**Q** 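One structure, pasted below without further comment.
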Amino acid sequence: MQHIVIFDSGIGGTSVLAHIQKAFPNANYSYLMDNLYLPYGELESKVLQQRLLQKLKTVEESFEPIDLIVVACNTASTQSLCLLRSHTDIPIVGVVPAIKPAASKTKTKKIGLLATPATTNNKYIQNLIKDHANGIEVHLYASVNLVTLAEHKFWRGEVNQFALKEEVENLNISKEIDYLVLGCTHFPILSSEIHKALDMDIELIDSGNAIANRVIDVLPQNIKDQKSQQIKRPVRFYATAPIKNTKQRVEVIKLIDL
Ligand code: DGL
């Protein structure tokens, strides 16, 4: 049975996992969150890269055999995908903010990217904009508070509406954009709340579907043939730090190699 490992700093990757699981319900999934280092969006590039290489080793040693690793984190993917790929033979799929689809859909020729500071400050994003949003005005917005709020929603089942509204207001998102790219996998968890707080005619767009399609491209044919079985298996969750104050949304969380 095929084994797909999903990796993120926290629970953001579950927004990607949901799309992949829909495409491949019968795969075995391991989900590793590096919550000891959460939020990745505030880490220095060098620190993050070292940490990711270390976790890649953990994944390889603890979870083998593995058919595919999905780095379900924009911050990690935009900074380190090439580096990670150069250190393993296991295929790796990463997440790229949906700048390209947003740029092709916009009518106002103005879009926004909402991501972590590490992502918005990254040269990779500048290149992505140059390559796929030529002639489009791209406004960049950075937030880590939304990462914390998404974690809180997932683990506690509640959203601090006041804090969320305040954060969205402080971002001062231009009224002229018609698409806002959610360039952090934590943010789709809060998409309805963000949309409501924005109180404007805007579409939020993320990469969940595109990643599931990419996984379909990358997996070997014999694995895809098993798709018809449609037996959904429980996801095994692993974390690098204990989860505090949870109302338990996932059944088993094993602590792994801090
Ligand atoms: N979910 C991650 C992302 O897509 C990172 C959030 C964080 O740890 O800052 O960027």
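In each ligand, atom 1 is the first atom listed, and ligand 1 is the first ligand listed. The structure presented is a predicted model; accordingly, all values stated were derived computationally and were not measured.
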**Q** Answer side chain, backbone, both or neither: which part of Asn74 comes under 4.0 Å from ligand 1, heavy atoms only.
**A** both
**Q** Distance under 4.0 Å to a non-hydrogen atom of Thr116: what atoms of ligand 1 satisfy this?
**A** 6 (C), 9 (O), 10 (O)
**Q** Nearest heavy atom to atom 2 (C) of ligand 1: which of Cys73, Ala115, Pro97 does it belong to?
**A** Cys73
**Q** Supply the atom-to-atom distance Ile194 CD1 to Ser143 OG, rounded to the nearest 0.5 angstrom.
**A** 8.0 Å
**Q** Considering distance alone, does some N or O of Ser9 sit under 3.5 Å from an N or O of ligand 1?
**A** yes
**Q** Which residue supplies the protein heavy atom nearest to atom 7 (C) of ligand 1, what is that atom called, and how far is it?
**A** Tyr40 N, 3.3 Å
**Q** Can a donor-acceptor pair be found between the side chains of Gln79 and Ser45 at a distance below 3.5 Å?
**A** yes
**Q** If you measure from the Lys or Arg side-chain nitrogens to the Asp or Glu carboxylate oxygens, is any gap between Lys105 and Glu203 under 4.0 Å?
**A** no
**Q** Could you verify whether a donor N or O on one side chain and an acceptor N or O on the other, from Asn145 and Glu167, lie under 3.5 Å apart?
**A** yes
**Q** Decide side chain to side chain contact (heavy atoms under 4.5 Å, CB included) for Lys46 and Gln49; before the verdict, give the C-alpha distance in whole Å, the side-chain angles of both, and the deciding distance to 0.1 Å.
**A** CA-CA 5 Å; Lys46 279 266 159 311; Gln49 289 183 344; 4.1 Å; yes
**Q** In ligand 1, which numbered atoms sit nearer than 4.0 Å to a non-hydrogen atom of Leu38?
**A** 8 (O)
**Q** Check whether any N or O atom of Gly41, backbone or side chain, sits under 3.5 Å from an N or O atom of ligand 1, and answer yes or no.
**A** yes
**Q** Quick check on contacts: which atoms of ligand 1 are under 4.0 angstrom from a heavy atom of Pro39?
**A** 7 (C), 8 (O), 9 (O)
**Q** From the options Thr75, Leu182, Thr119, select the one whose nearest heavy atom is closest to atom 10 (O) of ligand 1.
**A** Thr75
**Q** Give a yes or no answer on whether the side chain of Asp178 reaches the backbone of Thr106 with a donor-acceptor pair at less than 3.5 Å.
**A** no
**Q** To the nearest 0.5 Å, what is the distance between CD1 (Ile136) and CD1 (Ile177)?
**A** 12.5 Å
**Q** Counting heavy atoms only, which part of Val144 comes closer than 4.0 Å to ligand 1: side chain, backbone, both or neither?
**A** neither
